[in-house]
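Okay, so here's the structure we're looking at.
Predicted model only: the values in this text are computed from it and were never measured. Just the heavy atoms: all of them, side chains too, but no hydrogens, waters or symmetry mates, feed the values below. Residue numbers begin at 1 in each chain, while the letters A, B, ... track the order of the sequences.
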There are 2 protein chains.
Amino acid sequence: MSDTAREELARRIAGEITLSDDPGATLRKWRTDFDISQTELAAQLDVSSSVVSDYESGRRESPGIGVIRRMVNALLAIDETRGGGHIRQFARVLSAGFESDIVHDLREYPTAVPLDRFYDAIDATEITRGKRDYVNGHTVINSIQAITRLSSEEFYRLYGQSTDRALMFTDVTRGESPLVAMRVVTPTPNAVVLHGLGEDDLWEHAPALANIDGFSLAVTNCDIETALNDLRTLS
Amino acid sequence: MSDTAREELARRIAGEITLSDDPGATLRKWRTDFDISQTELAAQLDVSSSVVSDYESGRRESPGIGVIRRMVNALLAIDETRGGGHIRQFARVLSAGFESDIVHDLREYPTAVPLDRFYDAIDATEITRGKRDYVNGHTVINSIQAITRLSSEEFYRLYGQSTDRALMFTDVTRGESPLVAMRVVTPTPNAVVLHGLGEDDLWEHAPALANIDGFSLAVTNCDIETALNDLRTLS
DNA sequence: CGGCTACTTCGGCAATTGTCGAATGGAGGG
DNA sequence: CCCTCCATTCGACAATTGCCGAAGTAGCCG
């Protein structure tokens with residue numbers, strides 16, 4: 001495990017907590033993202049579990065950086081004892097040259113995965129079928145951040161090593177922006193998944209645009225972290 | 001000025017201070033990097049200057065995150081009143097897809113700059129002349145970080161928009177690693193500057209390798225921040 | 001030499017933190 | 001219904017912080 005990815009993730013988390021308007025809520029966000037209970041975190045820190053709860057609930061307005069440092073290091077230490085999945089995920093995003101608030105995950109699969117299995121794993125409903133029925137990887141993207149911040153050159157880097165992949169856009173309301181963006185990038189991915197809405201909420205022109213560009217379009221409301229965990233079992 | 005570059009720089013600084021073994025020294029590092037006096041920072045914070053000095057000197061072992069947040073925001077606020085040079089510099093590095101501890105600066109010049117003027121601006125001594133006598137931009141790189149962390153694909157991204165540029169490697173002892181790295185990248189830049197050593201310290205094979213690959217080689221011991229400021233006047 | 005600026009050190013003290021541990025509540029499983 | 005686990009709230013108190021302001025040092029400039 002690269003120490004530098006761990007260090008950068010630590011710095012990222014610590015910076016976010018320190019600057020947050022609600023540091024306790026931000027601390028809780030990262031703890032739950034790592035799938036760690038307060039009890040487990042407290043054990044790692046060698047404190048009572050009420051200490052963790054007090055901090056997350058905002059009892060102390062300005063905790064010392066010593067406390068924050070120990071909390072962040074404890075999160076990463078627990079992740080490491082579990083195999084380092086979160087550190088790896090963050091490292092993949094960094095090495096692709098993105099910030100983790102734009103790209104949430106970027107992964108190449110060792111073998112082609114049939115789209116049906118992929119959609120099962122993420123509990124997605126396919127709206128339109130595309131020309132290809134498999135994916136070799138995925139990229140999970142915050143759609144608002146991506147559209148407002150990425151240059152057109154950077155947009156292509158979302159493809160990682162292969163365009164034979166699924167792009168999953170999160171924080172989607174109707175799907176208009178991602179589908180319009182897909183109109184202007186060439187080539188298109190094998191699949192586009194819109195996260196955060198159901199069939200009924202989808203922009204009415206989305207299926208037609210997907211058909212024109214030849215990619216599979218799906219929607220899902222699954223829990224992202226759970227889905228990413230399930231995707232690990234595909235390979 | 002992009003708010004997101006400011007936010008990311010803030011997060012980066014706050015994370016680094018929070019996780020540091022010597023938070024006071026890290027705080028001082030960033031204050032001096034921004035070329036801000038304690039007196040000026042204290043005025044921005046509306047506290048006595050001894051408050052800033054106490055924190056930087058480590059009087060308090062675990063300052064509260066409220067203090068760190070106000071210090072970081074004050075640094076950026078002062079930078080903004082001066083035109084945002086540091087935020088811009090950080091934004092350039094980020095938008096090139098690098099971490100700022102690998103790439104310190106990356107800039108395209110509006111016009112070609114003669115190498116003589118470039119070397120004057122950074123107080124460098126040319127060791128061998130190359131095939132081209134101008135640069136269209138520069139990239140300032142931490143050589144150890146770059147060599148240990150960048151993939152070969154990422155190495156090419158150091159070129160920004162043009163290979164007609166100078167690559168300046170910092171934290172150099174003899175220059176062996178950067179020169180060896182230059183042997184395997186194609187094309188080579190117009191100039192390579194090794195920062196941190198004089199002619200006498202240079203690896204003996206460096207001039208020959210530069211000649212083979214046809215780039216200008218120079219050494220300098222200038223102050224990086226001063227040099228970057230001077231380079232701004234070239235355009 | 002005097003004045004000014006930047007910075008350091010330190011005493012002091014009100015305010016806040018770091019943490020324990022008790023009490024309590026909710027959810028899930030046997 | 002009981003047990004276990006996770007989480008919250010809060011009183012208590014020793015320890016530390018946040019900051020002022022005084023005194024001092026060093027360097028620069030006229």
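- For the atom pair L19(A) CG and R70(B) CZ, the distance stands at 13.5 Å (nearest 0.5 Å).
- Put simply, CZ on R28(A) is 8 Å from P on dA7(D), counting in whole angstrom units.
- Note on S57(A): only backbone sugar-phosphate atoms sit closer than 4.0 angstrom, heavy atoms only; bases stay farther off.
- Within the 4.0 Å cut-off from OP1 or OP2 of dC6(D), at least one side-chain nitrogen or oxygen of T39(A) is found.
- For the OP1/OP2 pair of dC5(D) and a distance below 4.0 Å, the side-chain nitrogens and oxygens of Q38(A) include no atom meeting the criterion.
- Between the P atom of dC7(C) and the CG atom of L27(B) lies a distance of 12 Å, rounded to the nearest Å.
- Here the P atom of nucleotide dT17(D) and the CD1 atom of I68(B) are 12 Å apart, to the nearest Å.
- The separation between R31(A) atom CZ and dC6(D) atom P is 11 Å, rounded to whole Å.
- Residue contacts shown for S37(B) are limited to sugar-phosphate atoms, with no base heavy atom under 4.0 Å away.
- In this structure, the CD1 atom of I36(B) is 16 Å from the C1' atom of dC7(C), given to the nearest Å.
- Heavy-atom contacts from other residues, nucleotides or ligands closer than 6.0 Å to CZ of R69(A) number more than 12.
- Judged by atom type and distance alone, D54(B) does not reach the base of dC19(D) through any side-chain donor-acceptor pair under 3.5 Å.
- Proximity of S53(A) to the phosphate of dT8(D): a side-chain N or O atom is located under 4.0 Å from OP1 or OP2.
- Side-chain contact between D201(B) and T173(B): absent, with no pair of heavy atoms (C-beta onward) separated by less than 4.5 Å.
- E56(A) comes within contact range of no nucleotide atom at all, as no heavy-atom separation falls under 4.0 Å.
- No N or O donor and acceptor, one from the side chain of R59(A) and one from the base of dT8(D), sit under 3.5 Å apart.
- For the pair E7(A) and R11(A), the salt-bridge criterion is not met [side-chain N within less than 4.0 Å of a carboxylate O].
- Atom C1' of nucleotide dT4(D) and atom CD of E40(A) are separated by 16 Å, given to the nearest angstrom.
- dT17(C) atom C1' lies 13 Å from atom CE of M71(A), rounded to whole Å.
- The residue S50(A) sits close to a base: some heavy atom pair falls under 4.0 Å.
- Atom pair I65(B):CD1 and dT17(C):P shows a separation of 10 Å (rounding to whole Å applied).
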Report task. Start with the C-alpha gap between E40(A) and R82(A), add the side-chain angles, then the distance that decides, and say whether salt bridge (Lys or Arg N to Asp or Glu O under 4.0 Å) holds. Result -> CA-CA 13 Å; E40(A) 194 174 357; R82(A) 292 177 178 177; 3.0 Å; yes
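- For R60(A), counting side-chain heavy atoms from C-beta on, the closest listed nucleotide (dT8(D), dA12(D), dT17(D)) is dA12(D).
- Residue-level contact check: V67(B) touches the backbone only, with heavy atoms under 4.0 Å from sugar-phosphate atoms and none from bases.
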